[in-house]
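Structure first, then comments.
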Amino acid sequence: MSGSYDDSVGVEVSSDSFWEVGNYKRTVKRIDDGHRLCNDLMNCIHERARIEKVYAQQLTEWAKRWKQLVEKGPQYGTVERAWCAFMSEAEKVSELHLEVKGSLMNEDFEKIKNWQKEAFHKQMMGGFKETKEAEDGFRKAQKPWAKKLKEVEVAKKAYHAACKEEKLAISRETNSKADPALNPEQLKKLQDKVERSKQDVLKTKEKYEKSLKELDNATPQYMENMEQVFEQCQQFEEKRLRFFREVLLEVQKHLDLSNVASYKNIYRELEQNIKSADAVEDLRWFRANQGPGMSMNWPQFEEWSADLNRTLSRREKKAASDGVTLTGINQTGDQVSQPNKHSSLSVQSNTVQSVQSSYNPFEDEEDTGSTVSEKEDNKIKNVSSYEKNQSYPTDWSDEESNNPFSSTDANGDTNPFDEDTSPAMEVRVRALYDYKGQEQDELSFKAGDELTKMVNEDEQGWCKGRLDNGQVGLYPANYVEPIQ
């Protein structure tokens with residue numbers, strides 16, 4: 001290995017020891033590494049905070065979607081409440097993970113950032129003040145010893161060169177003695193050369209030994225000065241290491257939700273909700289509200305009344321501003337005391353859903369790609385085969401008064417969507433907004449879907465159309481536009 005003290009002094013380095021000239025730079029480099037490690041730790045914490053945020057977001061979306069599915073699905077009673085408890089657990093855990101994210105960024109991240117700013121001071125010309133101070137300290141401690149080391153290297157080279165010259169002179173003198181053609185004067189010169197080379201060897205050896213002795217005398221002071229600067233660097237590094245340990249312990253406390261009382265209470269409450277599910281209670285409730293326990297308006301003799309027996313048409317249902325209560329059914333007894341979730345006694349008038357823009361409370365400009373895909377939404381939305389709000393027939397009749405496509409309504413008017421009406425030209429249209437059918441005879445589609453308009457808009461703003469899968473039904477006319 002080779003190294004140098006500075007540009008003007010070149011010294012061969014024979015080992016990787018700290019005491020070799022220039023090898024202190026590894027210690028100085030550790031200061032710059034400490035600054036970079038602070039950045040690395042901040043980046044590490046920042047990425048974990050983003051993971052916590054995305055996880056909280058996904059929990060909230062999952063809870064919201066499944067809570068709607070369970071509430072609209074066929075499950076009922078205490079088991080339904082136990083099932084929904086999982087969604088409540090997810091919402092509460094989501095809040096805790098958002099708190100973890102906030103602690104990581106607002107406390108741990110900022111703490112490292114502030115410590116780094118206080119510990120490392122940048123210079124106008126680049127680099128850090130602490131690095132320059134350590135570099136200057138080592139240079140000052142090493143300079144006298146490095147100077148003497150250079151003298152030793154020079155003396156050593158001179159001594160070795162004299163020894164080589166002496167050996168060469170002796171070899172020439174020996175060879176000349178065996179040469180009879182060599183005159184005495186030439187032989188005398190070779191002998192003088194040998195004598196001078198021996199004297200040079202003695203002088204260079206003495207000088208070499210003297211410089212080496214001076215180097216040995218300077219070594220203790222050199223070691224003391226170098227260790228003093230090194231200990232200063234050690235103290236600076238010790239502060240960083242202790243600080244890192246302190247920060248990592250705080251990060252561990254923020255991540256460890258097992259020691260958070262509210263986190264334990266979430267699962268204690270979840271367990272209680274699940275254990276509170278009672279099959280006997282649910283069966284009793286279903287018997288009373290959906291089975292033989294329900295009251296019945298048994299047929300009795302009734303006088304004829306035009307208003308009482310009049311059938312409501314779709315046009316009259318749509319024109320009403322509020323729900324229209326069916327007059328043919330009377331609620332009595334137990335049915336009034338406990339609401340029935342699965343039967344609807346009124347027809348809601350507003351069937352057109354407003355377009356809702358999806359807003360993610362956890363999303364910002366730095367977190368992308370973390371929402372659930374539309375394909376996954378579509379798959380999960382189809383889990384339940386029917387919703388709780390679907391209507392059940394409330395009476396028996398041979399009349400077709402409940403048929404939305406019947407040829408006549410209660411007033412004798414012609415249904416504009418009757419199959420027997422004169423055929424109109426079919427037109428391909430494209431959906432402008434999402435629409436979910438509110439009744440069994442209505443279509444459901446998403447914005448961008450294409451369908452075929454079979455019957456033009458009636459006076460209530462409805463059209464009849466056919467989806468590509470063959471399903472035929474009604475939809476709001478202003479939710480689509482013709483395909484050019």
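Since the structure is predicted, the reported quantities are computational estimates derived from the model, not experimental observations.
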For this session: Could you please spell out the steps behind the salt bridge (Lys or Arg N to Asp or Glu O under 4.0 Å) verdict for R30 and D33?
Result: CA-CA 5 Å; R30 189 173 57 173; D33 291 342; over 6 Å; no

Problem set entry | Criterion ring-ring contact (aromatic ring centres under 6.0 Å, His included) on Y475 and Y435, from CA distance to verdict | CA-CA 8 Å; Y475 63 90; Y435 180 73; 8.4 Å; no

Problem set entry | Audit row: Y267, E89, side chain to side chain donor-acceptor pair (under 3.5 Å) steps and yes/no | CA-CA 7 Å; Y267 291 97; E89 171 265 342; 2.8 Å; yes

Problem set entry | Worked check of side chain to side chain donor-acceptor pair (under 3.5 Å) between Q57 and E61 | CA-CA 6 Å; Q57 171 189 351; E61 293 176 352; 3.3 Å; yes

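Looking at S94, its side chain never comes within 3.5 Å of a backbone N or O of A90 through a donor-acceptor pair. Checking side-chain atoms of D282 against main-chain N and O of G77 turns up no donor-acceptor pair under 3.5 Å. Looking only at distances, a side-chain donor or acceptor of D449 sits under 3.5 Å from a matching main-chain atom of K446. Not one N or O on the side chain of E439 forms a donor-acceptor pair closer than 3.5 Å with the backbone of E442. The main-chain N or O of W19 is never found under 3.5 Å from a side-chain atom of N23 such that the two would form a donor-acceptor pair. A distance-only check finds no donor-acceptor pair linking the side chain of S444 to the backbone of K436 [under 3.5 Å].
For the pair E238 and Q234, the minimum side-chain heavy-atom distance is 4.5 Å or more. The shortest side-chain heavy-atom distance between V100 and L255 falls under the 4.5 Å cut-off. In this structure, L443 and L451 have side chains that are in contact, with non-hydrogen atoms separated by less than 4.5 Å. When side chains are defined from C-beta on, V472 counts as touching K464, because their heavy atoms get closer than 4.5 Å.
The side chain to side chain donor-acceptor pair (under 3.5 Å) test applied to E107 returns H254, not counting sequence neighbours. With sequence neighbours excluded, the residues that form a side chain to side chain contact (heavy atoms under 4.5 Å, CB included) with A277 are T78, V79, A82. Checked against side chain to side chain contact (heavy atoms under 4.5 Å, CB included), L248 has the following partners two or more places apart in sequence or in another chain: L41. For the salt bridge (charged side-chain N to carboxylate O under 4.0 Å, His left out) test, no residue two or more places apart in sequence or in another chain qualifies with R81. Partners of N39 under the side chain to side chain donor-acceptor pair (under 3.5 Å) rule, at least two apart in sequence or in another chain, are Q116. Take R48 and apply the side chain to side chain donor-acceptor pair (under 3.5 Å) test, not counting sequence neighbours, and it matches E52. In this structure S262 satisfies the side chain to side chain contact (heavy atoms under 4.5 Å, CB included) test together with L96, V260, sequence neighbours excluded. Qualifying salt bridge (charged side-chain N to carboxylate O under 4.0 Å, His left out) partners for E135, counting only residues two or more places apart in sequence or in other chains: R139. Partners of K132 under the side chain to side chain donor-acceptor pair (under 3.5 Å) rule, at least two apart in sequence or in another chain, are D136. Qualifying side chain to side chain contact (heavy atoms under 4.5 Å, CB included) partners for D32, counting only residues two or more places apart in sequence or in other chains: F128, T131.
The number of heavy atoms from other shown groups lying within 6.0 Å of CZ (F244) is above 12. Other residues, nucleotides and ligands place more than 12 heavy atoms under 6.0 Å from the CZ atom of R26. K111 NZ: more than 12 foreign heavy atoms inside a 6.0 Å radius.
F445 approaches A431 most closely through the heavy-atom pair CD1-CB, 3.4 Å. The minimum heavy-atom distance between I31 and A134, with the atom names listed, is CD1-CB, 3.8 Å.
Relative orientation of the W115 and F120 rings is perpendicular, given thresholds of 30° and 60° on the angle between their planes.
Distance NZ/K129 to NE2/H121: 6.5 Å, rounded to 0.5 Å.
Between F230 and F18, a ring centre-to-centre spacing shorter than 6.0 Å is recorded.
Side chains of E231 and Q235: no donor on one and acceptor on the other come within 3.5 Å.
Counting only residues at least two apart or on different chains, the salt bridge (Lys or Arg N to Asp or Glu O under 4.0 Å) pairs with a member in residues 253-270 are K92-E269. The list of salt bridge (Lys or Arg N to Asp or Glu O under 4.0 Å) pairs with a residue in residues 465-479, not counting sequence neighbours, reads E426-R466, R428-D468.
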